[in-house]
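Down below is the structure, laid out as structure tokens.
Numbered from 1 within each chain, the chains take letters A, B, ... in sequence-line order.
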Protein chains: 2
Amino acid sequence: MADALGGIRVVDFTRIFAGPAATQILADLGADVVKIEDPGGGDDARRYGFDDEKLERFGASPPFLALNRNKRSVAIDLRNPAGREVASLLARSADVVVHNFRTGVMSRWRLDYEDVAATNPGVVYCDFSAYGRTGPLAEAGANDLALQAHSGLMSMTGEAGGGPVRAGTSVVDFHGGLSMACAIMAALFHRARTGEGQRVETSLLLSSAHLMGYFYTEYWLDGTVHGPMGTANYLTVPNQAFPTVDGATVIIASTDDAWRCCVEALDPERLDLPEFRRATDRLRSRKKLVEILSSVTAELSSADVARRLAGTRVVVSKVNSVAEAADHQQLRAIGGTLGLNYNDHPVHVVGTPFKMEKTPPTLRRAPPTVGEHTVEILEEFGLTGDALADFAARGAFGAGAVPLGAGSEA
Amino acid sequence: MADALGGIRVVDFTRIFAGPAATQILADLGADVVKIEDPGGGDDARRYGFDDEKLERFGASPPFLALNRNKRSVAIDLRNPAGREVASLLARSADVVVHNFRTGVMSRWRLDYEDVAATNPGVVYCDFSAYGRTGPLAEAGANDLALQAHSGLMSMTGEAGGGPVRAGTSVVDFHGGLSMACAIMAALFHRARTGEGQRVETSLLLSSAHLMGYFYTEYWLDGTVHGPMGTANYLTVPNQAFPTVDGATVIIASTDDAWRCCVEALDPERLDLPEFRRATDRLRSRKKLVEILSSVTAELSSADVARRLAGTRVVVSKVNSVAEAADHQQLRAIGGTLGLNYNDHPVHVVGTPFKMEKTPPTLRRAPPTVGEHTVEILEEFGLTGDALADFAARGAFGAGAVPLGAGSEA
């Protein structure tokens with residue numbers, strides 16, 4: 001089987017979540033992703049959320065392990081001029097260069113699009129910033145949480161009348177990662193047809209606005225500003241989570257047909273009220289319907305609710321814990337998980353978010369240790385012997401000497 | 001300027017949010033997206049969230065307007081055999097075919113990958129399902145809310161100790177849309193290099209698992225299952241929303257340096273406590289720190305907090321309402337919005353979630369009305385005169401006659 005991005009070399013300056021999520025997609029598709037890491041500890045995400053004891057045991061944090069498979073790591077000190085020379089050398093023969101430094105940093109380091117394109121005009125160069133490269137917030141730093149706040153997502157999340165709440169995972173980071181991956185592949189497609197490279201760009205701001213787009217459009221149309229509604233929404237009733245004996249279950253019966261199924265399967269006596277029969281009436285009788293339906297579901301297990309509504313047009317889903325979701329057989333049944341090894345530990349991760357029949361995403365290597373492939377990569381880019389030693393002496397690879405011979409045969 | 005996907009014809013059977021979000025990306029990049037709609041009202045999303053009065057006034061719902069620009073609409077009745085013949089004819093000369101019907105439907109209609117590829121082997125054929133095409137849930141229907149529940153996202157969202165809450169926008173739908181767009185572009189790139197078409201696939205399940213991946217990895221590693229924490233998270237303190245005179249503001253000061261900036265800028269007297277100086281101590285003193293910092297910020301406006309922390313490494317962001325977010329000058333400054341016309345009303349929408357310098361996404365046309373381009377499209381595919389009349393008589397385009405001549409000169 002071929003790799004969709006076989007032969008594509010990506011020089012990857014990104015750190016933390018959003019950038020590595022983008023290059024993870026490219027790496028899964030067979031691109032050679034060269035991850036540039038700071039010699040003093042590498043990608044900060046390596047240490048996110050684990051204490052020293054767990055870091056010692058597992059070698060890296062869950063987010064790092066989840067987002068860096070199929071990549072090779074080269075340790076380069078970008079604050080050092082010699083390090084930047086090496087980085088520039090790598091960028092010169094890259095098909096794709098990606099970074100998520102603050103706006104202005106790559107330019108100060110002479111690693112901006114213009115610098116790279118001067119010797120590598122076919123490059124696809126990717127700026128991944130917080131708020132974009134122009135405008136009053138261009139140079140502001142931000143992250144997932146800040147954009148959940150800025151975008152209005154946080155104001156839409158939570159209990160009705162309650163305070164703001166964040167979506168429980170880094171939705172803006174991951175969505176931004178896929179936006180960047182889309183932009184890169186569109187640019188590679190254009191290059192395959194015309195030979196022309198270009199600069200592409202996304203930001204957490206653009207990605208969060210994409211997630212919130214239809215709410216903005218509604219506000220711009222007629223001034224409507226929605227607020228949080230717990231698990232419910234303003235579209236239809238019932239369309240939210242209901243309590244069960246063992247937790248909670250989402251029940252969605254938006255159409256009148258679906259509602260009839262609900263009534264018959266769960267409790268015709270309590271649920272078959274005239275004021276619930278039409279969709280518009282159900283919206284008006286929201287409070288009463290939710291109360292009665294809750295009292296019905298509260299006497300059933302989540303599995304009971306699912307069983308009774310199976311085969312109908314009613315959408316049902318248990319509100320799973322992370323453990324239940326991760327271990328659910330359906331995810332394995334569709335090949336959604338991968339097993340690898342890191343620090344002599346088995347590690348399981350979620351795979352690529354799509355499948356391809358003729359060029360399937362593959363697992364070729366575990367996430368790298370910091371600088372694991374420094375020598376191997378530098379040799380491939382033609383940096384050997386005295387030249388390599390000279391860069392090392394000038395501090396390009398950090399204070400320690402470059403680990404000569406550690407990887408060139410791997 | 002060229003279009004990245006100029007000359008690519010997409011036959012688009014998708015409805016509601018996730019599928020149209022995927023093909024919106026392709027359409028923005030210049031692909032010719034032919035949206036197949038049911039003659040009896042078209043894409044259900046046209047009516048989502050608007051009452052009759054608003055529908056009359058604006059012509060379509062905000063989600064529909066947000067996700068269907070740059071597409072043309074052909075009205076075909078797929079429950080009618082003649083309609084399916086027409087659909088099959090369109091699919092035969094498509095570069096990309098996308099659908100999000102339940103698993104099994106396209107196969108019953110003889111519009112599955114094998115059917116299309118038999119006469120169009122280079123096609124990129126895309127299955128976009130709820131839970132994937134195999135496994136016990138393969139044929140179950142689901143939507144964004146169901147997958148927020150199933151994936152564990154809902155269990156991670158809400159107040160600590162409170163009930164589950166949904167992320168306030170359709171994060172799984174939109175993320176799934178970008179996953180599909182990525183898969184399609186990777187397949188087009190492969191086809192540009194080799195001529196080979198293929199079937200690609202994503203599902204709301206795969207996309208939701210991608211959003212939750214690092215939590216699954218952590219659970220699989222050592223059994224940790226996180227719960228909801230309002231706007232906070234388990235990584236660092238302070239890293240959440242704090243009350244202000246006029247609402248709330250996110251303050252993120254994860255490092256000890258950033259915390260020192262926070263202390264000095266906001267209130268050294270109340271905040272400079274020894275037990276807050278080190279990151280690990282701040283995690284232990286979370287409750288006390290959040291209480292004191294909240295009492296400090298509660299006396300300031302959000303703008304004051306931002307001003308005092310400007311230029312430091314502390315990340316700050318106001319918790320914006322949808323109105324504040326939509327109207328924020330930064331989004332316009334980076335060209336994140338587009339204006340178009342629908343039903344004689346000006347409509348503003350969020351643009352493509354990324355930018356490309358040489359092949360910029362463009363706005364070429366407003367979202368279509370149902371079947372607006374039926375004749376024009378059928379003529380392009382070679383269906384004219386008697387053949388067209390015959391299909392119309394057999395009900396291919398619904399009960400009414402096809403609107404002859406309505407669009408062929410457009």
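Shown here for A:V322 and B:F215, the closest heavy-atom pair between the two residues is CG1-O, 3.8 Å. Between B:S207 and A:P353, the shortest heavy-atom distance links the atoms OG-O, 4.3 Å. Here the closest heavy-atom approach between residue A:P164 and residue B:T231 is recorded as O-CG2, 3.2 Å. The heavy-atom pair separating A:A149 from B:S317 by the smallest distance is CB-OG, 3.9 Å. Here the closest non-hydrogen pair linking B:G49 and A:Y234 is CA-CE1, 4.0 Å. In this structure, A:A66 and B:T217 approach most closely via the heavy-atom pair CB-OG1, 4.1 Å.
Each of B:Q329, B:H210, B:H190 has some count of heavy-atom pairs under 4.5 Å with chain A, and the biggest count is that of B:H210. Looking only at heavy-atom pairs under 4.5 Å with chain B, the residue among A:I25, A:L235, A:N239, A:D327 that has the most is A:D327. Most heavy-atom pairs under 4.5 Å with chain B, from the set A:M356, A:R133, A:R332: that is A:M356. Options A:G223, A:P136, A:A241, A:G177 differ in how many heavy-atom pairs under 4.5 Å they form with chain B, and the most are formed by A:P136. Residue with the most contacts toward chain B among A:G336, A:S61, A:G158, A:G132: A:G158 (heavy-atom pairs, distance under 4.5 Å). Chosen from A:T169, A:V315, A:L5, the residue pairing most often with chain B at heavy-atom distances under 4.5 Å is A:T169. Chain B forms the most heavy-atom pairs under 4.5 Å with one residue out of A:H328, A:M180, A:K318, and that residue is A:H328. By number of non-hydrogen pairs under 4.5 angstrom with chain A, the leading residue of B:P228, B:A146, B:G163 is B:A146. Between chain A and the options B:T202, B:V200, B:T280, B:V165, heavy-atom pairs under 4.5 Å are most frequent for B:V165.
In this structure, chain A has a heavy atom under 4.5 Å from the backbone of B:P346, while its side chain stays farther away. Both the backbone and the side chain of B:Q330 come within contact range of chain A, with heavy atoms under 4.5 Å apart. Only the side chain of A:T224 has a heavy atom closer than 4.5 Å to any heavy atom of chain B. Using a 4.5 Å cut-off between heavy atoms, B:T337 touches chain A through its side chain atoms alone. Both the backbone and the side chain of B:L188 come within contact range of chain A, with heavy atoms under 4.5 Å apart. Both the backbone and the side chain of B:V350 come within less than 4.5 Å of a heavy atom in chain A. At a 4.5 Å heavy-atom cutoff, the contact between A:E218 and chain B is made by backbone and side-chain atoms alike. For A:L29, the part sitting under 4.5 Å from any heavy atom of chain B is the side chain, from C-beta outward, and nothing else. The contact between B:R193 and chain A is made entirely by side chain atoms (from C-beta outward), counting heavy-atom distances below 4.5 Å. If you measure heavy-atom distances from A:L211 to chain B, the contacts under 4.5 Å come from both the backbone and the side chain. Of the atoms belonging to B:E201, heavy atoms from both backbone and side chain fall under 4.5 Å from chain A. Contacts between B:K358 and chain A at a heavy-atom distance below 4.5 Å involve backbone atoms as well as side-chain atoms. There is no contact between B:F128 and chain A, counting heavy-atom distances below 4.5 Å. Of the two parts of A:A232, only the backbone, made up of N, CA, C and O, holds a non-hydrogen atom closer than 4.5 Å to a non-hydrogen atom of chain B. Contact of B:Y131 with chain A is made through backbone and side chain together, with heavy-atom distances under 4.5 Å.
Side-chain contact check for A:V250 versus B:R166: every heavy-atom pair is 4.5 Å or farther apart. Put simply, the side chain of B:T359 does not reach to within 4.5 Å of the side chain of A:F189, judged on heavy atoms.
In this structure, CG in B:D144 is found 8.5 Å from CD1 in A:I252, a value given to the nearest 0.5 Å.
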Exercise. Check the pair B:N320, A:S155 against side chain to side chain contact (heavy atoms under 4.5 Å, CB included), reporting the backbone distance first and the verdict last.
Key: CA-CA 7 Å; B:N320 286 320; A:S155 79; over 6 Å; no

Practice problem: For the pair A:Y216 and B:L331, evaluate side chain to side chain contact (heavy atoms under 4.5 Å, CB included) and give the outcome as yes or no after the intermediate values. | Solution: CA-CA 11 Å; A:Y216 295 0; B:L331 187 59; 3.9 Å; yes

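Of the residues listed (B:R57, B:H345, B:K54), the one engaging A:D222 in a side chain to side chain donor-acceptor pair (under 3.5 Å) is B:K54, and it is the only one. With B:Y214 as the fixed residue, the ring pair (Phe, Tyr, Trp, His ring centres under 6.0 Å) test singles out one of A:F64, A:F174, A:Y48: A:F174.
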